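Okay, structure first, notes after.
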Amino acid sequence: MRINILIVEDERNLAEEVSSYLEHFQYQCRIAMTYADALEALSEKQYDIILLDLRLPDGHGTDLINHIKRKKFESGIIILSAIDELDMRVQALNAGADDYLVKPFHMSELNARLNALVRRNKFKGNNDIEFFEIKADTVKKIVLVNDKPLPLTQKEYELLMYFISNAGKVITKDAISFSVWSSHSDMDVSNEIIYTHIKNLRKKLLQAGCNDYIRSVYGVGYKFQA
Amino acid sequence: MKLVSKNIIINTIVSVIILFLGEYSIYSFIRSKIQNETREHLLADCVDFIRMSQKQENIMEFKHNIGDIIRIQPIAKIEHTAPVFQTVQEEEEWEDESFTTEMVVFDVNHHGKFYRVSIQYTIDEIQDQADSILPIMLITGLGMLVMLVLVNVFVYYRLFSPVDKLIKYIEKFEIHDLKRIEPIPTTTHEFSILSAKVTKMSQNLIDDYKAMKEFTENMAHEVQTPLAVISTKIEQCLQDENLTENQAQLLSVAMKKVQKLVTLNQGLSLLSKLENHQYNKTYDINVAKLVQERISFFVDFLQNKNLKLAESYMSDMTVKMDSILAEVLIDNLIKNAIKHNVDNGTIHVTLQGNILTIANTGHAPKASVSDFFNRFYSEKSNESLGLGLSIVKKICDYYGYKINYNYENGLHSIHIEFLSSQPL
């Protein structure tokens with residue numbers, strides 16, 4: 001079952017990048033560049049997830065959220081906005097958005113949040129993630145390798161989830177820092193910290209008999225790949 | 001002091017002065033009038049005495065009904081060629097009291113012999129009669145004063161009530177409410193001009209504020225979106241299987257700079273929002289709790305540099321702040337303490353009374369201490385933006401907290417004294 005995503009974003013470049021990144025993960029994307037386009041797309045079929053820019057040339061994103069809620073669509077909504085303000089965040093979340101991501105965001109971050117939302121909405125009751133010999137219960141936050149539990153620290157768990165969500169893609173250190181260490185990107189020490197945590201995670205995985213999936217990409221980032 | 005009280009005080013002082021001056025001048029006027037009348041009378045008596053005494057043989061036995069008191073005594077030669085007037089206190093013969101008299105003294109030539117004659121009139125009674133007017137005048141004056149005060153108060157509250165209202169409106173005016181000061185209903189020409197001007201000025205302020213706010217938001221938006229495109233494009237490039245190491249490094253540098261721009265943009269927009277007073281929702285924040293909570297996010301960073309954390313919370317104070325600003329404030333202080341620390345160093349966090357001190361070990365500062373809170377000041381200019389502490393300073397200024405920095409015994413300390421908690 002392919003998951004349908006409607007990307008409502010007036011910046012074509014950004015919309016296309018998002019679309020191409022997500023299609024890699026077997027999501028089906030449609031781009032709407034205006035409020036009117038979005039309404040038209042929504043009238044044609046239901047989407048599982050809507051990625052929504054708040055400022056559109058012909059309307060405001062929150063109106064679209066209200067429209068979706070009125071129609072009782074069960075779409076998950078992630079706001080993609082350049083406005084990093086608490087008021088705006090609260091307003092959007094109150095209107096019924098599920099998540100709020102400030103531009104510029106990392107594709108891997110968007111993808112991870114998308115995955116989490118899809119799990120919550122689409123596969124109710126089934127919150128398991130599988131990647132070859134690794135299994136994870138995202139509710140209980142338990143990781144099994146070859147059906148044996150693998151004790152991980154909070155950060156290691158978050159790292160692993162982030163990797164699995166974005167398997168096969170290069171994830172930059174900045175993206176990891178943003179996602180796992182909640183955006184202390186102006187801290188110059190984060191590279192070493194990421195390195196240490198990934199080293200520990202890798203060691204634990206290997207010791208549990210897991211294949212080595214974590215690859216460093218020229219010191220720029222990491223790739224989790226079978 | 002209120003205008004009405006000022007007005008009453010000035011009016012009262014002036015009225016009392018005028019009242020007493022008036023009383024005094026009327027008093028002296030009546031006195032001199034009595035004296036003049038009496039002296040005219042004395043002069044007439046004087047003439048009568050001389051005319052009548054000439055018909056008598058012996059002046060000493062001259063019977064007459066001139067004056068209240070008359071004294072005649074012989075003298076050797078005439079000294080007063082004209083009558084001399086005096087006001088004299090006379091002693092009662094059998095009592096210790098005295099009474100006031102007007103007296104005329106003149107010398108006469110009576111059939112070749114010289115005599116000095118003095119005629120006196122008691123004026124106490126007539127003066128007392130005249131004086132009895134004074135309390136009546138005083139009461140009238142005081143009555144007028146009371147009326148004046150009452151009229152003043154009445155006029156003030158009647159005439160100036162529009163101004164009072166306007167002042168209340170101005171006091172209530174907050175630019176971020178985006179509500180202009182409404183004109184007040186008044187029939188007084190000057191007040192209606194004042195009110196209209198105030199309304200117009202408040203409207204202008206709000207328009208400017210809105211424009212500035214919009215500009216800040218747009219600016220952030222307009223810059224963030226292209227940055228988002230650049231950042232996604234770079235990420236896209238990084239996904240390329242055939243990427244060489246050199247290309248990856250170049251992209252990584254580009255990505256870092258984009259991140260830097262993003263952080264800078266966020267910092268600047270925070271600063272400008274602070275300058276525009278756009279943070280006005282306050283919550284009660286327990287400082288000790290907040291600091292502990294924020295520090296927990298930095299555990300990995302502390303471990304990375306092997307920093308020791310010495311915390312001491314001796315106060316349970318709460319402050320009224322915007323929750324985001326409070327977090328930014330504490331985060332920036334902690335980040336600063338970590339970033340400029342040495343390996344195996346220490347961070348001291350102390351909350352005592354209403355003073356929060358965050359101190360860290362570190363190298364001695366190279367520049368003057370006051371530069372630390374300046375925008376873009378950074379000792380290692382490549383590694384950080386230098387916005388952190390200037391944001392800290394701005395937040396402190398915003399809430400009227402006192403902040404200072406000092407370096408002593410290898411310890412950089414930043415003290416924040418949480419004073420009032422209203423945005424200034």
Side-chain angles (χ1 to χ4, degrees), chain A residues 9-18 20-21 24 53-55 80-88 101-108 110 153 155 168-175 177-178 180-197 217-221 223, chain B residues 217-218 220-236 238-240 243-249 251-252 255-256 258-267 269-270 273 278-279 281 297-298 300-301 303-305 322-324 331 335 338-339 380 382-385 387-388:
Chain A
E9 165 64 62
D10 61 328
E11 178 66 47
R12 179 181 292 279
N13 280 308
L14 193 61
E16 281 171 359
E17 282 309 331
V18 170
S20 91
Y21 192 93
H24 174 90
D53 185 8
L54 284 181
R55 284 197 196 190
L80 307 177
S81 171
I83 306 160
D84 184 14
E85 280 183 27
L86 189 64
D87 285 354
M88 201 56 103
L101 205 52
V102 177
K103 288 182 197 169
F105 47 82
H106 298 282
M107 285 302 176
S108 44
L110 172 62
T153 65
K155 290 276 188 279
K169 288 279 181 186
V170 177
I171 307 169
T172 60
K173 287 176 183 172
D174 275 331
S177 153
F178 179 86
V180 182
W181 281 272
S182 49
S183 178
H184 295 305
S185 55
D186 53 335
M187 297 290 295
D188 43 321
V189 285
S190 47
N191 281 351
E192 294 168 48
I193 294 171
I194 293 167
Y195 175 75
T196 314
H197 279 81
V217 182
Y218 304 133
V220 174
K223 198 173 189 176
Chain B
E217 281 169 9
N218 283 342
H221 186 258
E222 296 310 321
V223 175
Q224 294 291 89
T225 306
L227 285 176
V229 174
I230 297 171
S231 136
T232 49
K233 292 285 179 199
I234 295 173
E235 280 195 341
Q236 186 62 32
L238 283 172
Q239 304 303 335
D240 192 342
L243 199 69
T244 67
E245 175 161 12
N246 191 31
Q247 286 168 333
Q249 293 301 339
L251 287 172
S252 165
M255 191 64 156
K256 275 214 169 61
V258 170
Q259 280 307 319
K260 201 164 184 172
L261 275 178
V262 171
T263 318
L264 180 67
N265 195 29
Q266 284 165 348
S269 105
L270 179 87
K273 273 190 269 172
Q278 285 174 21
Y279 294 94
K281 288 189 188 128
F297 291 103
F298 292 89
D300 291 330
F301 297 91
Q303 280 172 359
N304 183 59
K305 270 194 168 178
D322 180 282
S323 48
I324 298 270
D331 281 3
K335 277 184 203 173
I338 296 174
K339 224 186 270 181
K380 295 176 259 173
N382 277 328
E383 290 182 23
S384 64
L385 292 164
L387 263 187

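The analysis underlying the following values was restricted to heavy atoms, covering all of them including side chains, and did not include hydrogens, waters or symmetry mates. The structure displayed is predicted, hence computed values, not measured ones.
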R12(A) meets the side chain to side chain contact (heavy atoms under 4.5 Å, CB included) criterion, sequence neighbours left out, with E16(A), M33(A)
S269(B) versus chain A, the contacting section by heavy-atom distance below 4.5 Å:
neither
Engaged part of I324(B) at the chain A interface, taking heavy atoms whose separation is under 4.5 Å
side chain
So, T196(A) side chain and E192(A) main chain: donor-acceptor pair closer than 3.5 Å or not?
yes
With only heavy atoms counted, which part of S20(A) is less than 4.5 Å from chain B, the side chain, the backbone, both or neither?
side chain
Under 4.5 Å heavy-atom distance to chain A, tell me which part of T232(B) shows up: side chain, backbone, both or neither.
both
Using a 4.5 Å cut-off on heavy atoms from C-beta on, say whether the side chain of F301(B) contacts that of W181(A).
yes
Using non-hydrogen atoms only, which part of V229(B) is less than 4.5 Å away from chain A: side chain, backbone, both, or neither?
both
Which bit of H106(A) is near chain B, if near means a heavy-atom gap under 4.5 Å: side chain, backbone, both or neither?
both
Max heavy-atom pair count under 4.5 Å with chain A, selected residue of Q236(B), E222(B), E235(B), K256(B):
E235(B)
Less than 4.5 Å apart, any side-chain heavy atom of V220(A) and any of V170(A)?
no
Residues forming a side chain to side chain contact (heavy atoms under 4.5 Å, CB included) with E245(B), sequence neighbours excluded
Y218(A), Q249(B)
Closest-packed option against chain B by number of heavy-atom pairs under 4.5 Å, given E17(A), K173(A), H24(A), E9(A):
E17(A)
Between K223(A) (side chain only) and V217(A) (backbone N and O only), is there a donor and an acceptor less than 3.5 Å apart?
no
